[in-house]
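Okay, structure first, notes after.
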Amino acid sequence: MTASSAEAPSPPRWRLVAKVESHAIVTTLNADLEVEHVESRPLDSWWHGGIDGDDARWVWSDTNRWYPRALGAEVAISRCYDLRLGHAILRDSALVRDATPVRAATQWETVADEPAVAAAPALFEWDAPVATGIPDDPDEVLAEFVRQKQAVRASTDPARLRLLLAAESAGALLATEMNAAGLPWDRAAHESLLEDLLGPRPTPGELPAKVSALAATVREALGDASASLDSQPKLLRSLHRVGIPAESTNRWELGEYDHPVIAPLIAYKKLTRLMSANGWAWLDEWAANGRFRPVYVPGGVVTGRWASSGGGALQIPRHLRRAVRADPGWRLVVADVAQLEPRILAAMASDEALAAAARDRDLYEGIVASGVVNSRQEAKIAVLGAMYGATTGDSGRLVPALRRAYPRAMGLVDAAAATGEQGGVVSTWLGRSSPGASTGWRDVQAAAALPDATEADRTRARRSARDRGRFTRNFVVQGTAAEWALAWLADLRRRLASLPPVDEAASAPRSGPVFARRAHLAFFLHDEIIVHTPAAHADAVANHVRQAADAAARLLFGDFAIDFPLDLRIADDAAKD
DNA sequence: AATAATTGCGCG
DNA sequence: AAAGCGCGCAATTATT
């Protein structure tokens, strides 16, 4: 079991922080979870007498609730245990033998329509309505911590779950820090791009010049000066009137038709999309003061990926990346993992053939070189189809070749799909499990099994079974990739903290969190990171980024020969291509 | 008038 | 050229 090699060198101590009325209660526990010390501290300095000098780890209800206050006072915390996130993992993990005590503690469930994260300024207010509803009472915090530790200890694989929980909590710290630091955003670069594409900023209520010109062209081609272009049903009717029998107005279907209206219409849709998603209003709201501050939501996706809330943080169009620009005297280190998910799959399945195809090169080219398919494009389609469960089209046709060449990797995802189709639960490498089948899903399956079931019942059941199979098929890979990425981030965060801060007199460390005076993570998106670093440290940072990727690979997969090559650039901006 | 669902498109 | 996973958001229409 490779994941067990990462045991803490010394037994950790824990420092719980909770809240009673207007005081923070800090409880120190030894490694056996026995109370060593309890003290009361002011809420606005609960971290004082902090623990950076010792090996203790903060335990708290919710990183969003506690950490922003410390960060706001320029105190960075190196390690924590987030009970809310831990609860969500342990409640569902198939590695936990008896989840009853954890599940019974429903007060630790995050209510869906009560966002776990809110806009940063409000987080500093203890009594603001952003309160998550998660307990802060010292007895309850201790009780939940003990429940979770017990669930892990009695699990089928405590080492893996401990890794997962530590990584999840490290991610929570980082999410808060990245929100505080922000991604350096060049307003002028963004504005000039908007002006080039859309025209000068219009007065409110008006369309930019280039957009209204395109709209006029489209209306002329439709022969209708008052045609509505923003209403899908009306646009569809207009298209039908000029002889375009489209069933939808999405771009690829429109592209199928040969008509003078198509090109300007597609251009119009592109521009209005840019305008409404990342136009001047977005710039004013999300990238004021030279920083884009996404609200990251660790664990926000069932698979363990991060979600985001506000600003479309994870959907920044590629061509806008050039507006990400380092401060004077600083650089960006931009790195992403090439073909993360198929590499993860190769390692999970111990598929030596797939790992060999991936080694030291583009994985898709490796598959072509092995003679499995004829072109890189085919390899890509086949691999994506294998991981997503494609059954038709080019992708579906190519999957069988992959199944012959890489039976272990394909066996793993096929098994995950079969489990899901039968209503079962699948788990990632470190033990995050998929949600169980819903009662609605079970009802559909049960109805189809009855003697008087109709053919329609059976068709519906088969379809929903396959839908669920595609979800579980992808869950194991996407979720384990998210774990790898968390391990990468956590190790990199620790490495960057060891770099020296810039000399305040010499450079431009503006105002901002204390950790942002040295190289720090500024952006994360599934398999990509951006580090903002003093120029003098950029090469060192690049090495740390690579070493952290290697460390993540070894932490998860031990000696299995899989590599995770990075596309890495040191630059002043984060432009793609 | 407020809320829900639909459509389309940006990202991995 | 295209149909298969996971998201968030804006604009519009449909529902209450």
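Quick note on labels: first sequence line is chain A, next is B, and so on, each numbered from 1.
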CG (A:Asp258) with more than 12 external heavy atoms under 6.0 Å: no
Between the protein and nucleotides 12-15 of chain C, list the N/O to N/O atom pairs that are separated by less than 3.5 angstrom.
| from | atom 1 | to | atom 2 | distance (Å) |
| --- | --- | --- | --- | --- |
| C:dT13 | OP1 | A:Ser231 | OG | 2.9 |

Test of understanding: with salt bridge (charged side-chain N to carboxylate O under 4.0 Å, His left out), list the residues that count as partners of A:Asp230, not counting sequence neighbours. none
Spacing between A:Tyr388 atom OH and C:dG6 atom P, to the nearest angstrom: 10 Å
Mind checking the CD-CZ spacing from A:Glu168 to A:Arg432? Nearest 0.5 Å is all I need. 4.0 Å
What residues in residues 187-207 of chain A put a non-hydrogen atom under 4.0 Å from any atom of DNA chain B? none
Backbone N/O of A:Ile89 and side chain of A:Ser93: donor-acceptor pair under 3.5 Å: no
Toss me the dot-bracket line for DNA chain C: Watson-Crick and G-U wobble, both under 3.5 Å, 5' to 3', using | for pairs to another strand and [ ] for crossers. ....||||||||||||
Contact residues, residues 409-426 of chain A to DNA chain C [heavy atom, < 4.0 Å]: none
Would A:Arg493 and A:Glu177 pass as an ion pair if we require N to O under 4.0 Å? yes
Ring centroids only, cut at 6.0 angstrom: are A:Phe292 and A:Trp282 within range, meaning strictly under it? yes
Tell me which residues in residues 269-277 of chain A lie within less than 4.0 Å of DNA chain B, going by non-hydrogen atoms. A:Lys269, A:Arg273
Distance check needed: C:dC9 C1' versus A:Ile316 CD1, whole Å only. 11 Å
Is it true that, when you exclude A:Glu220 itself, more than 12 heavy atoms of the residues, nucleotides or ligands shown sit nearer than 6.0 Å to its CD? no
Can any side-chain N or O of A:Arg322 pair as donor or acceptor with the backbone N or O of A:Ala189 at less than 3.5 Å? no
Salt bridge (charged side-chain N to carboxylate O under 4.0 Å, His left out) with A:Arg321: which residues, sequence neighbours excluded? A:Glu528
Cation-pi geometry met for A:Arg325 and A:Trp185 (6.0 Å, 45°): no
Can a donor-acceptor pair be found, under 3.5 Å and without considering hydrogens, that links the side chain of A:Ser248 to the backbone of A:Asn250? yes
Using the ring of each side chain (for Trp, its six-membered ring), is A:Trp484 parallel, tilted or perpendicular to A:Trp488, with breaks at 30° and 60°? tilted
Its 5'-most and 3'-most nucleotides having an atom under 4.0 Å from a non-hydrogen atom of chain A, DNA chain B is contacted over B:dT7 to B:dG12
Does NZ or CZ of A:Arg160 fall inside the cone over A:Trp429's six-membered ring, less than 6.0 Å from its centre and within 45° of the axis? yes
Salt-bridge test for A:Arg219 and A:Asp224: reply yes if a basic N is under 4.0 Å from a carboxylate O, no otherwise. no
Side-chain donor-acceptor contact under 3.5 Å, A:Asp92 with A:Ser433: no
Taking A:Arg343 for the side chain and A:Phe564 for the main chain, is one N or O donor matched with an acceptor at less than 3.5 Å? no
Identify each atom pair where a protein N or O and an N or O of nucleotides 1-3 of chain C are less than 3.5 Å apart, giving names and distance.
| from | atom 1 | to | atom 2 | distance (Å) |
| --- | --- | --- | --- | --- |
| C:dA1 | N6 | A:Gln377 | NE2 | 3.1 |

Lys/Arg-Asp/Glu bridge criterion (N-O < 4.0 Å) met for A:Asp196, A:Lys210: no
In whole angstrom, what separates A:Glu341's CD from C:dG6's C1'? 9 Å
Please assess A:Arg187 against A:Asp284 for the test side-chain contact (heavy atoms from CB on, under 4.5 Å), listing each intermediate value before the final yes or no. CA-CA 9 Å; A:Arg187 183 183 190 96; A:Asp284 290 341; 2.6 Å; yes
Where along residues 461-490 of chain A does a heavy atom fall under 4.0 Å from DNA chain C? A:Arg470, A:Phe471, A:Asn474, A:Gln478
According to side-chain hydrogen bond (donor to acceptor under 3.5 Å, both in side chains), who are the partners of A:Thr439, at least two apart in sequence or on a separate chain? none
Salt bridge flag under 4.0 Å for residues A:Glu109 and A:Arg91: yes
Do A:Thr63 side-chain atoms and A:Leu173 backbone N/O form a donor-acceptor pair below 3.5 Å? no
For the backbone of A:Gly424 and the side chain of A:Arg468, can you confirm whether one donor and one acceptor N or O come within less than 3.5 Å of each other? yes
Got a list of side-chain donor-acceptor pairs under 3.5 Å for residues 403-412 of chain A, not counting sequence neighbours?
| from | atom 1 | to | atom 2 | distance (Å) |
| --- | --- | --- | --- | --- |
| A:Arg403 | NE | A:Asp414 | OD2 | 2.8 |
| A:Arg403 | NH2 | A:Asp414 | OD1 | 3.1 |
| A:Arg403 | NH2 | A:Asp414 | OD2 | 3.2 |
| A:Arg408 | NE | A:Ala349 | O | 3.1 |

